[in-house]
Amino acid sequence: TIVSVAPTPRTQNRLQETEKVLSVSFSANGKRLINCCERGSVRVYSGPEGRLVHDLATEGSTVQWADFSNDGRTLAALSYSGQLWLWDAEYGLALTAPLRLTDRKLTRGHLSADGGKLAIGSIGGEVWVLPLIEHSGSSPEWLPDLAECLAGQRFNADGTWERVAP
């Protein structure tokens, strides 16, 4: 089977990063995109216009791989130096502190279809399969109200921010 790609103008549907992109992946529903870069940037974009949703902190480590879980609730990223990050995909909140997995150079990971396991490979030829702790995927009921009070903005159900009157 041959797949053809319709040509588009060079600027259409293009996101421009300021550093070398090492991994890029769509969410299962195709509505979001995650990429990771050489100097530690992990960014999530949404919609056809490529609106930045999350710019996630990785302490400057070279991030080799980042992806969504199949259910879209979890983001995972691996650094070349052996660290793992897990975030809630909706809010961009860390689910754990960064985990130091190994001193080996990690190359790639893959989340299982059910989101319960993470397989990781290294340059040294090892493959690890790690169980992941399930999270509810929901924030405390008071969190949106707190964010609204502190920031003066409300996060709408359609993924946009709205300024609220003081």
Side-chain angles (χ1 to χ4, degrees), residues 13-102 104-122 127-144 146-147 150-151 153-161:
N13 298 329
R14 185 175 113 183
L15 302 170
Q16 184 64 49
E17 295 292 354
T18 58
E19 53 191 300
K20 183 178 177 181
V21 176
L22 299 176
S23 175
V24 63
S25 183
F26 278 107
S27 60
N29 66 10
K31 293 183 179 181
R32 289 192 173 187
L33 180 79
I34 188 170
N35 73 26
C36 60
C37 299
E38 191 171 39
R39 286 180 263 165
S41 301
V42 175
R43 295 186 181 101
V44 179
Y45 297 92
S46 179
E49 72 285 351
R51 181 178 49 79
L52 180 65
V53 177
H54 302 302
D55 192 352
L56 305 165
T58 61
E59 304 162 6
S61 299
T62 296
V63 180
Q64 289 290 106
W65 169 86
D67 205 353
F68 294 89
S69 61
N70 279 1
D71 64 7
R73 293 179 6 190
T74 305
L75 304 171
L78 292 172
S79 76
Y80 188 66
S81 61
Q83 286 185 293
L84 167 69
W85 293 268
L86 296 169
W87 297 279
D88 175 272
E90 185 176 356
Y91 298 103
L93 301 172
L95 298 176
T96 68
L99 303 171
R100 179 80 173 163
L101 300 176
T102 180
R104 296 284 195 169
K105 304 299 184 200
L106 300 179
T107 57
R108 186 138 173 91
H110 187 76
L111 290 159
S112 64
D114 66 2
K117 295 183 284 290
L118 174 66
I120 301 168
S122 79
V127 174
W128 294 278
V129 177
L130 307 172
L132 298 177
I133 298 169
E134 186 175 332
H135 70 94
S136 69
S138 61
S139 65
E141 290 182 20
W142 51 263
L143 185 60
L146 176 63
L150 294 175
Q153 294 186 350
R154 176 184 304 124
F155 191 63
N156 297 321
D158 66 357
T160 60
W161 283 99

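For the numbers below, each heavy atom of this structure counts, side chains included, while hydrogens, waters and symmetry mates do not.
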Could you go through F68 and V44, starting from their C-alpha distance and side-chain angles, then the distance that decides it, and tell me whether this counts as side-chain contact (heavy atoms from CB on, under 4.5 Å)? CA-CA 10 Å; F68 294 89; V44 179; 4.0 Å; yes
Could you measure the distance from the NZ atom of K20 to the OG atom of S41? Nearest 0.5 Å is fine. 14.0 Å
Quick one, V24 with L33, criterion side-chain contact (heavy atoms from CB on, under 4.5 Å). Give me CA distance, side-chain angles, the key distance, then yes/no. CA-CA 7 Å; V24 63; L33 180 79; 3.6 Å; yes
Flag, side chain of R32 to backbone of A89, donor-acceptor distance under 3.5 Å: yes
Taking all non-hydrogen atoms of both residues into account, name the closest pair between K117 and V129 and its distance. CD-CG1, 3.9 Å
Contacts of type side chain to side chain contact (heavy atoms under 4.5 Å, CB included), residue S25, not counting sequence neighbours: I34, D67
Give me the atom names and distance for the closest heavy-atom approach of L86 to A76. CD2-CB, 3.6 Å
S46 OG to L52 CG distance, which is reported to the nearest 0.5 Å: 10.0 Å
As an exercise, state the distance from NZ of K105 to OG of S79, rounded to the nearest 0.5 Å. 8.5 Å
Would you compute the distance between atom OG1 of T62 and atom CD of Q83 and round it to the nearest 0.5 angstrom? 11.0 Å
Roughly how far apart are I120 CD1 and L78 CG, rounded to 0.5 Å? 5.0 Å
So, does S23 use its side chain to make a donor-acceptor pair with the main chain of C36 at under 3.5 Å? no
Reported CH2-to-CG distance for the pair W65 and L106, which is rounded to 0.5 angstrom: 10.5 Å
Sole residue of D88, L118, L95 in side-chain contact (heavy atoms from CB on, under 4.5 Å) with T74: L95
Only counting residues at least two apart or in another chain, list the ones meeting side chain to side chain contact (heavy atoms under 4.5 Å, CB included) with T58. V42, V63, W85, W87
Which residues pass the salt bridge (Lys or Arg N to Asp or Glu O under 4.0 Å) test with R108, sequence neighbours left out? none
